[in-house]
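Here is the structure we will look at.
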Amino acid sequence: MRRLVGKSYRSVARRAMLEVLRSGLAVSPRSMPTHELEAVSLVVTDPLDRAPLLDERRANIFATIAETVWVLAGRDDIAFMEYFLSRIRDYSDDGNRLGGAYGPRLRYWRGQDQLGAARATLISDRESRRAVVSLFDPAVDGCQARRDIPCNNWLQFLVRNERLDLLVVSRSMDVFWGSVIDVHLWTVVQELMAGWLGVNVGVYEHFVGSLHLYDSYAERAQQVVAARPVKGLSRGVPWVIRFDEVGDAMTRLCEWAITARRTVSPAPFETGEMLLRNISLMLLAHVHIKNGRWQEASGLLAEVQDRPWKRLGSEFLSRQRRRGAIS
């Protein structure tokens, strides 16, 4: 088993892409040419340094933030996420919902809030080994006719030396595309859980059965590996919100965002919380970018206090402006 260790997500992602490019085995699941490494563990020693600051990757930070909010709200609706990820409907069985969405599995698993249950376990027994979340459902996910089967299958929270470690197991991870949202989402969950337990954030370790890179993105992955690492930016605004408020807050953000995208002059999200304000500024800036209102988007991004988000959002805005000028 390969164990790739780095301080930040970006350092681990660069190394993982390099390893796949160098040593990946050529395979073609579902007739898609791919290079793959089996049994790889990605270890991020500072999970708060999660932003996908990889210049050549050109990450859509707005989609990453939106998907994190969507999952924490316990949602699986296509209507919310399609605005950010236009191809998501291709993975829906009924055109309305995503069958493998993590939100309902995390927050409403057959009536059980698994996130809440893990928290309760660690409150009652600080060093318990039983704070586990299951995301793979054999009753439905064994059906290969389904368009979306969860890649992330299992989480375990462990408190050791007053630090919360998070272990994640996945059957599959696309190192170029999927690793961005996977690591962002679960390290946010790790940070939230640490806050609810009153401990520090420990190590994030993500074991992947098939770590792969689609051949169509090999050239871009090579550009990521060859590019000079981004320095000077690290952690963003802390994900601090009470456990009994997180579901409602994320739901309100989703509903507000849906309304904002349908309105000519959308109203700001009303909140006194720094985290929620920064999320709402990013989501509203994205609405303006989608509608070609460059100055409005730029003004909102200037107010964002999360420095990695501001940089990634501004780079996304610049790319869209260039495309608009060309077209």
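- The other members of the hydrophobic cluster of Val5, by chain and number, are Val43, Val203 (side-chain heavy atoms under 4.5 Å, ILVMFWY only).
- Annotation: the span from Gln112 atom CD to Ser134 atom OG amounts to 10.5 Å, rounded to 0.5 Å.
- To the nearest 0.5 Å, the span separating CD1 on Ile258 from CG on Asp77 amounts to 6.0 Å.
- No side-chain donor-acceptor contact under 3.5 Å links His206 to the backbone of Val169.
- Salt bridge Arg107/Asp113: present, at least one basic N to carboxylate O contact under 4.0 Å.
- Partner of Thr68 under the side chain to side chain contact (heavy atoms under 4.5 Å, CB included) criterion, chosen from Thr187, Val189, Leu185: Leu185.
- A 4.5 Å side-chain heavy-atom check between Leu283 and Arg261 finds every atom pair outside the cut-off.
- A salt bridge does not link Arg171 to Asp141: none of the charged nitrogens lies less than 4.0 Å from a carboxylate oxygen.
- Checked by atom type and distance alone, the side chain of Arg89 pairs as donor or acceptor with a backbone atom of Gly95 at under 3.5 Å.
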Derivation and outcome, salt bridge (Lys or Arg N to Asp or Glu O under 4.0 Å), residues Arg228 and Asp55
CA-CA 9 Å; Arg228 181 176 298 179; Asp55 284 348; over 6 Å; no
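- When each of Glu205, Arg2, Arg3 is tested with Ser41 by the rule side-chain hydrogen bond (donor to acceptor under 3.5 Å, both in side chains), just one qualifies, namely Glu205.
- Within the structure, the ring-ring contact (aromatic ring centres under 6.0 Å, His included) test picks out no pair touching residues 127-166 (sequence neighbours left out).
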Apply salt bridge (Lys or Arg N to Asp or Glu O under 4.0 Å) to the pair Asp90 and Arg147, showing each step before the final yes or no.
CA-CA 8 Å; Asp90 296 342; Arg147 294 188 177 185; 5.8 Å; no
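- With no hydrogens or angles considered, a side-chain donor-acceptor pair links Trp186 and Asn152 at under 3.5 Å.
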Which pairs of donor and acceptor atoms, one on a side chain in residues 216-225, lie under 3.5 Å apart (sequence neighbours left out)?
unit_1 : atom_1 : unit_2 : atom_2 : d
Arg220 : NH2    : Arg57  : O      : 2.9

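- Of the inter-residue distances, the one linking Arg323 atom CZ with Arg321 atom CZ reads 14.5 Å to the nearest 0.5 angstrom.
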